Amino acid sequence: MNEWAGLSDLVASALLIGGIKAMSHPRFAHRGIVLAGWGMLIAVVGNVSVYSHLAPATWLWAGVAILLGGGVAWLTSRRIAMTAMPQMVALFNGLGGGAAALIVVTELLNPASLRGLTLGFGLIALTIGSLSFGGSLIAFLKLAGRLRHPWRFRHQNELHLIWFGLIALLAVGFFTLPQTRDLTPIFVILAVGLGIASTGPIGGADMPVVISFYNALTGLAVGVDGLLLRNPALLIAGTVVGASGTLLTRLMAKAMNRSLGAVLFSHFGATLEKGTGEAEASKEMDLTDAAVSLAYARKIRIVPGYGLATAQAQHKLAELTEWLIHKGVEVRFPIHPVAGRMPGHMNVLLAEAGVPYELIQDLEEANPEFSQVDVVLVIGANDVINPDARNNPGSPLFGMPILEVDHAPKTLVIKRGQGTGFAGVANPLFTAETTYLLYGDAREVLNRLLAALKSL
Amino acid sequence: MMLAFVFLLAAFTGYEIISRVPALLHTPLMSGTNFIHGIVLVGSLWVFFSARGPWAESVAWLGIVLASANVVGGFVTTERMLRLFRAKRGEGPPGE
């Protein structure tokens, strides 16, 4: 390695690590990503400058690849709605895992490379990267709503264990029989397949934790690639992401009161019966009545959920909030740590619509106040307000901290249809004495509600 | 051996730098670290430049495409999310 590449790796590593550090503080978060962006640029330029003697055609091909991958990603990620960000993270993470795996495949195609310890590193990176690729793709499809039903059957974990055993067996073959290298495609297919199969049974509510987990895995795969290629930039940046990603995954799981093991292997909601009876027992409320109960309230709490995101109703909601505040109503937004598809999802949406930070409450702040407010308006939230999490030990949600909306004297719920939440669990709140349902697309309902309020 | 030390220290560093993260930054931070493992692009270019033979070259080339998508997509999504925090800075307590 030449000195310039070494120096650029040093500077880049400092910028990337500093970037992550800054991104964990709200005040410096934006500066963090800009810092990391410069770090990345320095790392790429510094490392490829070593190859300045290569033929122009090679450079051209590399440039075409960068423009192709980068261009498509640039166009999609700029255009995509803020609400679809979570699945984009899953998608780009999967591609990174795929790239980490392809590095190893390329090395394996050269019969002279990868022996002993480096072969071990290679197979680890290949397995982890492929797992992350397959798993993230399934997570992407689930979040994008293209894959609605988790697939589950008996002895699924055992099957996955045997599957993993096959991969390990093949790995042993790579060490003992040189011809095994010809089976590299099968190795990749097995590992990608295991990622797909093991993510399939995981239910929607656990998806944020799963994506964070795969993010950490891709980081680790990249770090191990760094060991293999003896490249400090890959080694440091990849390993740092692997470690901080693991911690972040644990923080997210903790916010949902779940352990990582339970998320990955206990298959959320596998044992419960689907929600029934809601349609018979729930009460609908007419929009004018709903407008009246909002207009004459002193204190309102608005609980947003994924329904707000799918309907792109955040701007309408901001408008409604402004009107209510103007009329002297106290409005606050209690946000559950995992409301929406990702932790922080709702905060990002409300910030986009211009709802001030001061109006947002966290779980601990909001829960003691529900009994003292007049009305709670729930917009497309379900699992995070399910009282079964507190009351029913048989519920798969049992033990998860929830927003205790059921303590409020009156609850209005804007809901798209009569189905269950993302976790597929029945919600007794919807059939409670004090709950009234407003069926429809969140934006449409809010729009008509605002019109009704203005005409009162 | 030197590399093993670097690996160990990097792992500790990663674990220590994000000890306390407010929930509202969980998603942006995940997205940010997703961008950072896009450093894999350096590795993809590296193996492409040293690859011999049409198979190795094609596989490495595909790797560059995937890695570039990771870097660019990771940066744009994270920057878009965090811009919202920058716009609000100073208007209220940022949740510390």
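Here the structure is a predicted model, which means the values were calculated and not measured. Order of the sequence lines fixes the chain letters, A, B, ..., with proteins taken first and strands second; residue numbering starts at 1 for each chain.
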> Does CD belonging to B:E16 count more than 12 external heavy atoms closer than 6.0 Å?
Replying inline: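 Not buried by this count: 12 neighbours or fewer within 6.0 Å.
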> Where do B:L8 and A:T239 land on the side-chain contact (heavy atoms from CB on, under 4.5 Å) test, with the steps shown first?
Replying inline: CA-CA 9 Å; B:L8 201 69; A:T239 309; over 6 Å; no
Of all of [options], which one pairs up most often with chain B through heavy atoms under 4.5 Å apart?
options                        : result
A:L68, A:L235, A:D362          : A:L235
A:L109, A:V241, A:N347, A:L108 : A:V241
A:L75, A:L248, A:T249          : A:L248
A:V224, A:D225, A:I80          : A:I80
A:S77, A:G242, A:G238          : A:S77
A:V44, A:I236, A:T218          : A:T218

To the nearest 0.5 Å, what is the distance between [atom1] on [X] and [atom2] on [Y]?
X     : Y      : atom1 : atom2 : result
B:M30 : A:N215 : CE    : CG    : 6.5 Å
A:M23 : B:I17  : CE    : CD1   : 9.0 Å
A:L95 : B:N70  : CG    : CG    : 7.0 Å
A:Y51 : B:L45  : OH    : CG    : 9.5 Å
B:L29 : A:H25  : CG    : NE2   : 10.0 Å
B:I39 : A:D9   : CD1   : CG    : 7.5 Å

What part of [X] gets closer than 4.5 Å to chain B, counting heavy atoms only: side chain, backbone, both or neither?
X      : answer
A:L67  : neither
A:I360 : neither
A:L227 : both
A:L102 : both
A:N110 : neither
A:E107 : side chain
A:V348 : both

> Among B:W55, B:F75, B:Y15, which residue forms the greatest number of heavy-atom pairs with chain A at distances under 4.5 Å?
Replying inline: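 So the answer, after comparing B:W55, B:F75, B:Y15, is B:Y15.
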>> Tell me which of these, B:V47, B:I64, B:V71, B:T78, has more heavy-atom pairs under 4.5 Å with chain A than the rest.
In response: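 With the most close heavy-atom pairs to chain A, the winner is B:V47.
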> Side chain, backbone, both or neither: which part of B:V42 has an atom under 4.5 Å from a heavy atom of chain A?
Replying inline: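 For B:V42, backbone and side chain are both near chain A.
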> Which atoms of B:L62 come close to chain A, meaning under 4.5 Å heavy atom to heavy atom: side chain ones, backbone ones, both, or neither?
Replying inline: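 Both the backbone and the side chain of B:L62 come within 4.5 Å of chain A.
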Any sub-3.5 Å donor-acceptor pair from [X]'s side-chain atoms to [Y]'s backbone N or O?
X      : Y     : answer
B:R80  : A:M85 : no
A:W61  : B:W61 : no
A:R230 : B:L3  : no

Closest heavy-atom pair and its distance - [X], [Y]:
X      : Y      : value
B:S44  : A:A99  : OG-CB, 4.1 Å
B:G43  : A:L234 : N-CD1, 3.5 Å
A:A243 : B:A11  : CB-O, 3.1 Å
B:I18  : A:S244 : CD1-O, 3.3 Å
B:N34  : A:V89  : ND2-O, 3.5 Å

>> Could you check whether any side-chain heavy atom of B:F48 comes within less than 4.5 Å of a side-chain heavy atom of A:T106, counting everything from C-beta outward?
In response: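 Heavy-atom side-chain distance check fails, nothing below 4.5 Å.
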>> For a 4.5 angstrom cut-off between non-hydrogen side-chain atoms, does A:N93 reach B:H37?
In response: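 Yes, side chains in contact.
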>> Parallel, tilted or perpendicular, judged at 30° and 60°: which one describes the rings of A:W59 and B:F49?
In response: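 Ring orientation of A:W59 relative to B:F49: tilted.
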